There are 2 protein chains.
Amino acid sequence: MRYFSKVVEAGSFTQAGKAFNVSPSSLSRRVADLEKSLGATLLKRSTRIVKLTEVGQIYYNDVQHILNQIEQSEETVRSYQTTPMGRLRISSMVSFGDIVLLPLLDEFSALYPEIVLDVSLSDELSTLGRDDVDIAIRGGYAPNERVLAIKLMDNSFIPVASPRYLETHGVPENAMALKQHAGLYFKTPTGPTPWLCNKNGQWHDVSGPAVAISNNGAWLAKKACEGEGILMSTRWALASYLELGQLQELKFEHEVAITQSSTMAVYLLYQKQRYFVPKVKAAVDFLVERLQTTNAR
Amino acid sequence: MRYFSKVVEAGSFTQAGKAFNVSPSSLSRRVADLEKSLGATLLKRSTRIVKLTEVGQIYYNDVQHILNQIEQSEETVRSYQTTPMGRLRISSMVSFGDIVLLPLLDEFSALYPEIVLDVSLSDELSTLGRDDVDIAIRGGYAPNERVLAIKLMDNSFIPVASPRYLETHGVPENAMALKQHAGLYFKTPTGPTPWLCNKNGQWHDVSGPAVAISNNGAWLAKKACEGEGILMSTRWALASYLELGQLQELKFEHEVAITQSSTMAVYLLYQKQRYFVPKVKAAVDFLVERLQTTNAR
DNA sequence: TATATTGTTGCCTTTAAAGCAATAGTGATT
DNA sequence: AATCACTATTGCTTTAAAGGCAACAATATA
């Protein structure tokens, strides 16, 4: 079809041949083949002039359009490979999504209007691993050959309480004293998180009596603000309350945590090879820049 | 492109290979070549499943369209200056199809016995725009470079009622009085059609209380004949009832309509280039002659 | 865990496309 | 009117692309 089209435009097999760096004989044969397969004569040839027949004219118009479409389609695919666009599927922990991610993504959308965001908030980690997500944000990472994990920020839990609570019930002198205090417990997919204390290499459960247990951080934080008990949650989840003074951090001589493994962190996960897809690269770079520099290391 | 398309549809290189009587290895190579030339991965392969990537999906849609165009173009050339024959796909609005088109097509079939009619009646316009139809009949048209629209007949709605109804409830003196009358409402895909009246450039809703609402014109007409209320429908849909005197038109000083846009008409649509295909030309010419001369301008 | 199916890859064969030289036809020039 | 210059075509050869086969690796199902 390209050959035919060029022959028509050049009005000559020889000229068209030059455009393709192909011998006229080959062009002649290809066009003849095309005519044979269509069962119609497209070109009226004389040794001196080549012009379209009636059907040829009709066919030429069609071909013109078709070639255009093909080129346009190829262009679309190519630009797709270079310009960040398309659907970007992000999966994140619920609390992190609500507090940190979603506000950031508004800015991201403004930067890359051609990217359609598809955000799933879930604390289940099953969503990754399959190919149904481009980027995942999780606390801790499943070590996998093909998956790259970037530490975004610290994810260790800190104990907090409202000034009112501390006034009423007293500030716990040390970690062990937590046992005597009302507890607001955060529940992960693996169950509620106890209060643990590392004292001289030994771990002790210092959980106090439970007032409430939930996987909804905001609700627990509200309860903590209202002085219902002591809460352990992540620094980033509590940041706004700490700033306003609604809650204050409790500091102890001995480390307090909710798990014995010390490397608690929020990780950004994506498939190594997918980093070359523009939309993924754009998102990874954006998130790393905004989250890693400001809050973490 | 054909290979790629088939692989997508079959969801398997092996299956697609069978369709072409070609080994899977060859298909695999061709598709790989295509991907290389586009510089993009079109298919996500695992030994067990083959599915489109995001770019792949976009490209597949384009390819689909392109292959269609090529096929149509070949058909145009091959059938050039032959007798009208083959499958002719017509899409029409339901009511128009029932009342006007289908009766006419019997005659058409007698004229061109070698044409196999494939008629789809639907009020959705989604069927158009695609290349899966040779001729479409719609009320109104989307202006398009390649699509030609011929006005077949007027499509404005007129109010009618049975003599008995008018006897019992009185003939409405003016358009405003319609509000007091029982209404039989025709429902289009965009919703029920209210009664509107243009009075000194102002549009007023003069809909009366609804007795029945339906997208089935015949059923509403029957109800109207039985004196259940006033019906607004197109002149061509009501023609037989008006002739028999079962229904009579209500005329008012001020224009009554079902939409504020005045250019209501039935259009015959077809792709400009396809007029060269004998079967299409035959049908367009036939329909225009039979419909445009008798009822319209 | 074993099995069957599928996509890919290396190697070879087949088929299509390209190149070359010769031929025949045609419009312009003399 | 005859010649000339140029062009499309055709037979033959070369080259490149596509296809087939067997072996292999991967994966979902039993």
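So that the names make sense, note that chain A is the first sequence line, chain B the second, and so on, each numbered from 1. These numbers come from a predicted model, not from an experiment.
- Under the 4.0 Å criterion applied to side-chain N and carboxylate O atoms, B:R30 and B:E35 are not assigned as salt-bridge partners.
- Considering only side-chain N and O atoms, A:R29 lies nowhere under 4.0 angstrom from the phosphate OP1 or OP2 of D:dT10.
- Atoms OH (A:Y3) and C1' (C:dA16) sit 12 Å apart, rounded to a whole Å.
- Contact annotation: A:R30 side-chain N/O to C:dA17 OP1/OP2 distance is under 4.0 Å.
- In this structure, NZ in B:K44 is found 12.0 Å from CG in B:L52, a value given to the nearest 0.5 Å.
- The distance from atom NZ of B:K36 to atom P of C:dT8 is 15 Å, rounded to the nearest whole Å.
- Rounded to an integer number of Å, the gap from A:E35 CD to D:dA8 C1' is 12 Å.
- Rounded to whole Å, the distance from CZ on A:R48 to P on C:dT26 is 12 Å.
- With salt bridges taken as basic N to acidic carboxylate O contacts below 4.0 Å, one links B:R87 and B:D118.
- A salt bridge links A:R290 to A:E107: one of the charged nitrogens lies within less than 4.0 Å of a carboxylate oxygen.
- Annotation for A:E9: atom CD counts as buried by contact number, over 12 foreign heavy atoms lying within 6.0 Å.
- For the pair A:D33 CG and C:dA18 C1', the interatomic distance rounds to 13 Å; values are reported in whole Å.
- Within residues 11-27 of chain A, the residues that have a heavy atom under 4.0 Å from DNA chain C are, in order of number, A:N21, A:V22, A:S23, A:S25, A:S26.
- Ring geometry for B:F4 versus B:Y59: interplanar angle of 30 to 60°, hence tilted.
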